[in-house]
Amino acid sequence: MIEIKELHKYFGALHVLKGIDLNVQKGEVLSIIGASGSGKSTLLYCTNGLEAIQKGEVIVDGVSVHSKGTDLNKLRTKMGMVFQQWNSFPHLTALENVALAPKIVKGKSKSEAREIARQQLEHVGLGDKIDNYPSALSGGQQQRLAIARALAMEPEYMLFDEATSALDPELVGEVLDTMRLLAEEGMTMICVTHEMGFARDVSDRVAFFHQGVMEEIGPPQQIFGEPTSEHTAKFLANVR
Amino acid sequence: MNFDYTFHWRPVMRKLPDLLEASLTTLQISVLSMIIGITFGLILAILRMNGPKPLAWIATGWVELARNTPALFQLFFFSFGLGAFGLHLTPYFIVLAGLTFNNAGYLAENFRGGFQAVPETQMRAARSLGMTAWQSYTRIVIPQVFRIVYHPMTNQLVWAVLMSSLAMIVGFRELAGETQALAFKTFRIFEYFAVTALIYYVMVKVILGLSRLIAWRMFRY
Ligand SMILES: Nc1ncnc2c1ncn2[C@@H]1O[C@H](COP(=O)(O)OP(=O)(O)O)[C@@H](O)[C@H]1O
Ligand SMILES: [Mg+2]
């Protein structure tokens with residue numbers, strides 16, 4: 001379970017997250033929507049400790065992420081993350097991209113790591129691309145590669161930061177399908193997304209962020225059907 | 001105008017083994033100055049990007065001097081310059097220090113550009129997988145930087161080989177120094193320098209060819 005309590009984040013004088021309270025249960029799929037600059041990415045970075053926080057607490061399975069003694073590298077192995085910019089490692093083949101972290105972070109043997117990598121590439125539909133370098137893959141394939149790379153660490157949680165935003169429209173579907181597949185398999189997911197269809201169909205809950213505040217959170221039918229905040233209503237009217 | 005110089009190649013050919021041996025010295029000192037220069041260049045680049053202010057300034061000063069003053073003067077600094085302070089290096093170390101100083105300055109700029117060309121998101125992605133900062137640098141960032149600076153590094157090695165010929169001015173007998181010593185003993189000055197120029201040419205071509213071969217084997221992406 002991920003517990004976010006009274007979280008405040010500043011970049012210098014800029015108050016980016018203004019007291020976020022949020023729990024994500026095992027098996028849950030949460031989508032986060034909101035205008036650009038509202039702090040959605042920052043929340044994800046604070047959740048896996050890529051960004052420091054100024055106040056509050058993030059607790060993952062009982063471990064306080066930002067406490068001094070916390071082994072962040074170990075903690076991150078249970079939280080996979082997929083970013084907006086495709087950042088496959090260009091100097092490694094698809095297989096090497098996926099096998100590297102299991103080998104050097106988890107200490108798996110070379111053959112074990114390669115076997116895991118093969119399975120995960122198969123899993124996201126890239127079984128026929130294992131020896132390709134990322135430069136030979138489309139954007140959608142690179143994002144699926146990034147998903148496979150994260151899954152190879154056998155994470156308990158997956159964080160998606162607008163995984164489809166930088167893709168050509170015709171490539172969005174294949175990545176969303178992969179994310180859907182993970183949701184069906186019971187993965188716990190936090191998805192920052194601009195894909196309202198995905199948020200509506202796949203998530204258990206949808207949260208709307210506005211200027212560093214979580215304005216409202218609820219089941220998709222409620223958020224999309226009868227939003228209580230006027231900011232939510234306005235945002236949804238604009239994206240439709 | 002009457003041109004009555006007759007070429008005599010035989011004396012040069014007789015000394016060819018000496019010239020070839022001296023060209024090994026040239027290669028040896030150039031390669032060594034590259035290895036040390038790469039190490040210092042990396043340190044300078046990192047200091048300039050992330051170092052504490054005074055160290056960053058020193059690094060910047062080094063890079064600026066190395067790139068914007070004549071290489072010959074840099075060599076003079078390590079001979080006459082240090083000599084003025086009572087520090088007398090042997091000709092070998094004068095040349096090694098001069099070449100290394102110059103290499104490090106140029107390479108630091110290449111490395112800095114290389115680091116800047118690797119997107120920050122690569123580091124982020126690596127860290128998000130649980131890699132340590134060290135693992136992320138050595139497995140993800142530096143291999144990419146290395147590819148970016150590979151050709152500039154080859155060029156710097158070529159430059160070091162050619163620049164090492166300045167060593168004859170401080171009396172070190174690498175290829176150029178040896179050539180000068182022999183040439184003025186026999187007065188076959190043109191012949192000696194022509195043959196030596198050819199040796200330099202072949203050395204450079206071999207370095208470039210090898211470098212291309214290695215790149216082709218190493219960079220598959
Ligand atoms: N590293 C940073 N340094 C300074 N400001 C930042 C940084 N990252 C994000 N911000 C600022 O924080 C705010 C929230 O950004 P972000 O979390 O990326 O929003 P979103 O993902 O919702 O678009 C924005 O105003 C952004 O400019
Ligand atoms: Mg964002």
Side-chain angles (χ1 to χ4, degrees), chain A residues 41 44-45 47-51 71-94 96-107 131-137 142-143 145-155 157-161 166, chain B residues 38 41-42 45-46 49-50 52-53 56 107 110-156 210-221:
Chain A
S41 301
L44 294 188
Y45 294 150
T47 304
N48 71 356
L50 282 174
E51 284 287 357
D71 183 348
L72 276 179
N73 295 323
K74 189 169 163 221
L75 191 93
R76 287 182 188 134
T77 62
K78 47 160 122 186
M79 282 193 279
M81 184 154 186
V82 178
F83 301 81
Q84 175 176 353
Q85 310 83 353
W86 331 316
N87 40 33
S88 15
F89 304 135
H91 60 303
L92 303 176
T93 63
E96 291 164 346
N97 258 275
V98 182
L100 181 63
K103 198 170 69 192
I104 68 174
V105 176
K106 285 196 147 178
D131 291 325
N132 284 56
Y133 282 94
S135 55
L137 302 178
Q142 291 199 45
Q143 276 305 49
L145 173 59
I147 294 173
R149 191 171 69 183
L151 291 176
M153 299 303 282
E154 298 167 316
Y157 306 94
M158 285 290 289
L159 313 177
F160 290 88
D161 188 11
Chain B
I38 287 169
L42 259 179
I46 291 170
M49 291 184 298
N50 304 319
K53 275 264 162 64
L107 291 170
N110 292 329
F111 288 143
R112 199 164 69 122
F115 276 108
Q116 280 163 354
V118 177
E120 228 173 293
T121 51
Q122 289 282 306
M123 188 72 185
R124 226 165 225 214
R127 296 309 301 273
S128 80
L129 290 164
M131 292 186 209
T132 62
W134 174 254
Q135 287 173 328
S136 311
Y137 264 110
T138 54
R139 300 303 194 113
I140 305 301
V141 177
I142 292 187
Q144 293 180 55
V145 172
F146 183 68
R147 169 160 191 182
I148 297 168
V149 302
Y150 181 83
H151 289 297
M153 237 156 56
T154 305
N155 291 341
Q156 189 63 32
L210 274 179
S211 156
R212 213 163 291 150
L213 192 71
I214 292 170
W216 177 75
R217 290 280 303 146
M218 210 165 35
F219 304 128
R220 285 302 166 102
Y221 64 98

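Just so we're on the same page: letters track the sequence lines, and every chain starts at 1. As a basis for the values below, the full set of heavy atoms in this structure was taken, side chains included, without hydrogen atoms, waters or symmetry mates.
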Whatever's closer than 4.5 Å to a heavy atom in chain B on A:Met81 counts as both

Report yes if the side chains of B:Ile148 and B:Phe115 come closer than 4.5 Å at any heavy-atom pair, otherwise no.
no

Contacting moiety of A:Thr93, where chain B heavy atoms sit under 4.5 Å
neither

As an exercise: rank A:Leu100, A:Thr77, A:Leu72 by heavy-atom pairs under 4.5 Å with chain B and give me the winner.
A:Leu100

A:Asn97 side chain to A:Phe89 main-chain N or O, any donor-acceptor pair under 3.5 Å?
yes

The salt bridge (Lys or Arg N to Asp or Glu O under 4.0 Å) partners of A:Lys106 (sequence neighbours excluded) come to A:Glu154

Is there any residue in residues 212-221 of chain B with a non-hydrogen atom under 4.5 Å from a non-hydrogen atom of chain A, and which ones are they?
B:Arg220, B:Tyr221

4.5 Å side-chain heavy-atom contact, B:Val145 and B:Val149:
yes

Regarding B:Thr121 and A:Gln85, is there a side-chain donor-to-acceptor distance under 3.5 Å anywhere?
no

Please list all pairs passing the salt bridge (Lys or Arg N to Asp or Glu O under 4.0 Å) test where one or both residues lie in residues 123-144 of chain B, with sequence neighbours left out.
A:Glu51-B:Arg124

Please identify each residue that fulfils salt bridge (Lys or Arg N to Asp or Glu O under 4.0 Å) with A:Lys74, with sequence neighbours left out.
none

